[in-house]
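Working notes, structure below.
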Amino acid sequence: MLVTLAAPYVDTSAADLSLALDDVERPALHVLDLALPGTVRLRLRLLGASHQVILRAPGTTLTETVACLPGRPPELPGTVHDEANGYRFTATVLRPDGTGLIDRVAALRADLADDPYALVGVFPGDVDAVTALSVRPDPPGGSLGWRTWHAYPQTNELVLTETVVALR
């Protein structure tokens, strides 16, 4: 689902992001609720400062927030692996050459625009200022995964994250 957001673009660069687990539910600009097999519920939330995913499943509850978070120092880890909770997270920052960012964001918008398991928010003022989330609807081997993209055209950065959660 592709949506144009009616809010100013808040993030300034990848360096301003941080990861918070089990954070409070933040005010959202747009929400997509998904019901997946096995009574799994996911809420994809576009924030004025990036994204939040809320997972509710039998035996598993998780809130993942990647955003500019007031009162929290900016620090987006490259990897988090919490084996006890079955949570794996990776983040990568790309700085594409030439028109690489524009090309990647255009492809992302085209690929996910009609995907019922994706949410793409375009911020006003720049079609390349995008936050996108995409869920794999049929989790393999008792796990659930999603990917996100945060595009910062003013700094020519694209932040990619991937999360996998083992369902109990």
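- Cluster membership check: Leu47 does not share its hydrophobic cluster with Leu5, using side-chain heavy-atom separations under 4.5 Å among Ile, Leu, Val, Met, Phe, Trp and Tyr.
- Between Glu75 and Ser18, the side chains place no donor N or O within less than 3.5 Å of an acceptor N or O (distance only, hydrogens not considered).
- Nearest approach of Leu167 to Ala57, heavy atoms of both residues: CD2-CB, 4.1 Å.
- Of all the heavy atoms in Val31 and Leu119, the pair that sits closest is C-CD2, 4.4 Å.
- Summarising the geometry, atom OH belonging to Tyr117 is positioned 11.0 Å from atom CG belonging to Leu42; distances are rounded to the nearest 0.5 Å.
- Residues Leu44 and His51 have side chains not in contact (no heavy-atom distance under 4.5 Å, counting atoms from C-beta outward).
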- [ ] For Thr161 and Thr148, run side-chain hydrogen bond (donor to acceptor under 3.5 Å, both in side chains): C-alpha distance rounded to whole Å, both residues' side-chain angles, the deciding distance at 0.1 Å, then the answer.
- [x] CA-CA 5 Å; Thr161 75; Thr148 73; 2.3 Å; yes
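- Interatomic distance, Glu157 CD to Leu101 CG, rounded to the nearest 0.5 Å: 9.5 Å.
- Side-chain atoms of Leu133 and Leu46, non-hydrogen and from C-beta on, do get closer than 4.5 Å to each other.
- The OG1 atom of Thr65 lies 11.5 Å from the CG atom of Leu17; values are rounded to the nearest 0.5 Å.
- Arg45 contributes atom CZ, which lies 5.0 Å from atom CD of Gln52 (distance to the nearest 0.5 angstrom).
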TODO: Go through the steps to decide whether Asp128 and Arg104 satisfy the test salt bridge (Lys or Arg N to Asp or Glu O under 4.0 Å), and finish with yes or no.
DONE: CA-CA 9 Å; Asp128 297 319; Arg104 284 176 182 253; over 6 Å; no
